[in-house]
Protein chains: 2
Amino acid sequence: MKKAISDPLGQPGPAVVSDDTLRGFIGYRMKRAFNVLQADLTQTLKPFELRMLTYTALTLIVDNPGLRQSQLADAMDVERPNLVIVIDELERRDLIVRDRVPTDRRAYALRVTLAGRQLYEKAFAAMKDHEKRMLEGLDAETCKTVIAALETIQKHHAKG
Amino acid sequence: MKKAISDPLGQPGPAVVSDDTLRGFIGYRMKRAFNVLQADLTQTLKPFELRMLTYTALTLIVDNPGLRQSQLADAMDVERPNLVIVIDELERRDLIVRDRVPTDRRAYALRVTLAGRQLYEKAFAAMKDHEKRMLEGLDAETCKTVIAALETIQKHHAKG
DNA sequence: AGAAGATAGTTATACCAAGTACCTATCTTT
DNA sequence: AAAGATAGGTACTTGGTATAACTATCTTCT
């Protein structure tokens, strides 16, 4: 039930807190929307013991078999050191393997295992449901506009 | 300059990493867009030694003088414990004060100081520039659509 | 009035995300 | 063969978020 902020017994402070100034910033809106999205996403992936980062990595490995860790780090926009623990975790759970690259003994070729692919398929289905939940109340046209705008914002200021 | 991923000497891994599957998720787009936005925002606020959280808190205190910490926590969608260190920091820098509420000795009424307001005004101007940068390339109609969509996503799944 | 329960702020703690500095092993270039 | 670049990794730091539990007050109910 609603908090009785304006309850005269509840006394001090403004009856209702205004965030009008902040709402003038797109970042404020994005943060708040992303927070609720991420909360739902976390719950969505919990049954598979995946987080956003591990799911993202798993997906990119499924779609790009044999890619190297540095390529994955670039694609995910994370620093190489931070990717290591993600890959460690996926490998420890036997969802992926680090194959040595014969022609470059520094590099690993990342590949999904059978178990990894099976988990991925289930998680993907759950993510599709999550996506549907998130976009409830938005028509297709609006979605396209939003997606294009997000891409514009991202690409326009992407680090060179 | 561009990484020569497809350089035949650079050898292994896919020539180009595809993220088509992930791009089917609005969350992926939002995260990436928000990441670049936050990077710019962090730089924007750095001269004032403010972070997104401290700027947000300062703004809400300026706009809602006398509000209590719990109201601020609610408005910011952060847990009360996490707000404490934010308020501590603003108070330590003499940007705000914690006034005791005479009618409820448990509560604090938060108010901006003169120094706080002056810093706020400067930061606000910088934030307006930041906002303009972020929305470069998007017309007003698109902005409205995006903002409405973000609000729909947020409100629809707001924690009751 | 007095006990029971709620609320405001706080402390301590934990986890995850993100970033930097630096190291080793290998590859490339000259 | 030496110098520099690259792949992956270790160690460490910071920041955001979350929960449990504590103290002090306030409210409610009998």
Side-chain angles (χ1 to χ4, degrees), chain A residues 1 3-5 7-13 31-32 34-36 38-39 41-43 45-46 49-57 66-74 76-89 91 98-110 159, chain B residues 1 3-5 7-13 31-32 34-36 38-39 41-43 45-46 49-57 66-74 76-89 91 98-110 159:
Chain A
M1 93 194 69
K3 273 276 291 293
I5 288 181
D7 182 345
L9 299 179
Q11 187 74 3
K31 179 172 168 58
R32 293 183 75 103
F34 185 67
N35 274 356
V36 312
Q38 189 171 29
L41 182 143
T42 299
Q43 287 309 115
L45 293 178
K46 179 172 276 184
E49 294 182 83
L50 292 170
R51 289 163 291 134
M52 179 159 12
L53 275 175
T54 48
Y55 175 78
T56 302
L67 90 170
R68 291 169 289 157
Q69 285 185 209
S70 48
Q71 285 182 305
L72 182 53
D74 276 0
M76 289 177 65
D77 260 342
V78 307
E79 299 301 317
R80 270 64 86 230
N82 296 326
L83 186 62
V84 171
I85 59 169
V86 171
I87 299 302
D88 280 352
E89 182 180 332
E91 190 188 36
R98 279 192 247 232
D99 276 358
R100 274 291 180 196
V101 174
T103 53
D104 187 344
R105 295 190 315 193
R106 296 169 302 179
Y108 289 113
L110 304 175
K159 51 184 170 188
Chain B
M1 90 196 69
K3 275 274 292 291
I5 288 181
D7 182 345
L9 299 179
Q11 186 73 4
K31 181 172 167 57
R32 294 184 76 104
F34 184 68
N35 274 354
V36 310
Q38 190 172 27
L41 182 144
T42 298
Q43 288 309 113
L45 293 178
K46 178 172 274 183
E49 293 182 84
L50 291 170
R51 288 162 292 134
M52 177 159 12
L53 276 175
T54 49
Y55 175 77
T56 302
L67 91 170
R68 291 169 290 156
Q69 284 185 212
S70 48
Q71 286 182 305
L72 182 53
D74 276 1
M76 289 177 65
D77 260 344
V78 307
E79 299 300 318
R80 270 63 90 232
N82 296 326
L83 185 63
V84 172
I85 58 169
V86 172
I87 299 302
D88 280 351
E89 183 179 332
E91 191 189 35
R98 279 192 249 230
D99 276 358
R100 274 291 180 195
V101 174
T103 53
D104 186 343
R105 295 189 314 193
R106 295 169 303 179
Y108 289 113
L110 303 175
K159 50 186 169 186

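To find a chain, count down the sequence lines: A is the first, B the second, and so on, and within it residues start at 1.
- Using a 4.0 Å heavy-atom distance criterion, L53(B) is classed as a sugar-phosphate-only contact.
- Note on R98(A): only backbone sugar-phosphate atoms sit closer than 4.0 angstrom, heavy atoms only; bases stay farther off.
- Nearest to the side chain of V78(A), among dG9(C), dG9(D), dA18(C), sits dA18(C).
- For P81(B), taking side-chain heavy atoms from C-beta onward, the closest of the listed nucleotides dG19(C), dA12(C), dT17(D) is dA12(C).
- Straight-line distance from the CZ atom of R51(A) to the P atom of dA18(D): 16 Å, rounded to whole Å.
- At a cut-off of 3.5 Å, with distance as the only test, a side-chain donor of R100(B) or Y108(B) sits close to an acceptor on the other residue.
- Across dA20(D), dA18(D), dC26(D), the shortest atom-to-atom separation from the side chain of R105(B) is found for dC26(D).
- Under the 4.5 Å side-chain criterion, counting only non-hydrogen atoms from C-beta, Q69(B) is in contact with V84(B).
- Counting heavy atoms from C-beta on, the side chains of Q38(A) and K31(B) never come closer than 4.5 Å.
- Looking at the side chain of D104(B), the nearest of the listed nucleotides dG9(C), dC26(D), dG9(D) is dC26(D).
- Judged by atom type and distance alone, N82(B) reaches the base of dA18(D) through a side-chain donor-acceptor pair under 3.5 Å.
- Atom CG of D74(A) and atom P of dG8(D) are 10 Å apart (whole Å).
- Where Q69(A) and I85(B) meet DNA chain D, the nucleotide closest to each residue was compared, and Q69(A) sits on the side nearer the 5' end.
- E89(B) places its CD atom 13 Å from the C1' atom of dG16(D), with the value rounded to the nearest Å.
- The interatomic distance linking D77(B) (CG) with dT17(D) (P) rounds to 10 Å, in whole Å.
- For the pair L41(A) CG and dA17(C) P, the interatomic distance rounds to 11 Å; values are reported in whole Å.
- Of all nucleotides listed (dA18(C), dG9(D), dA8(C)), dA8(C) comes nearest to the side chain of A107(B).
- Looking only at side-chain heavy atoms (C-beta outward), L53(A) and M76(A) come within less than 4.5 Å of each other.
- Atom-to-atom, CD of Q43(A) to P of dC16(C) comes out at 14 Å; the value is rounded to the nearest Å.
- Counting distance only, with no hydrogens placed and no angle test, the side-chain atoms of R106(A) and the base atoms of dT6(D) include a donor-acceptor pair under 3.5 Å.
- Closest contact between the side chain of V84(B) and the listed nucleotides dG8(D), dT25(D), dT10(C) involves dT10(C).
- Between dG8(D) and S70(A), a contact under 4.0 Å exists linking OP1 or OP2 to a side-chain N or O.
- One atom, CD of E79(B), and another, C1' of dC15(C), lie 15 Å apart when rounded to the nearest Å.
- Close to dA7(D), at under 4.0 Å from its OP1 or OP2, lies no side-chain N or O of R80(A).
- Nearest-nucleotide assignment on DNA chain D puts the 5′-proximal partner with Y108(A), out of K31(A) and Y108(A).
- As rounded to whole Å, 12 Å separates atom P of dG15(D) from atom CD of E49(B).
- In this structure, D88(B) and T54(A) both approach DNA chain C, and ranking their closest nucleotides by distance from the 5' end singles out D88(B).
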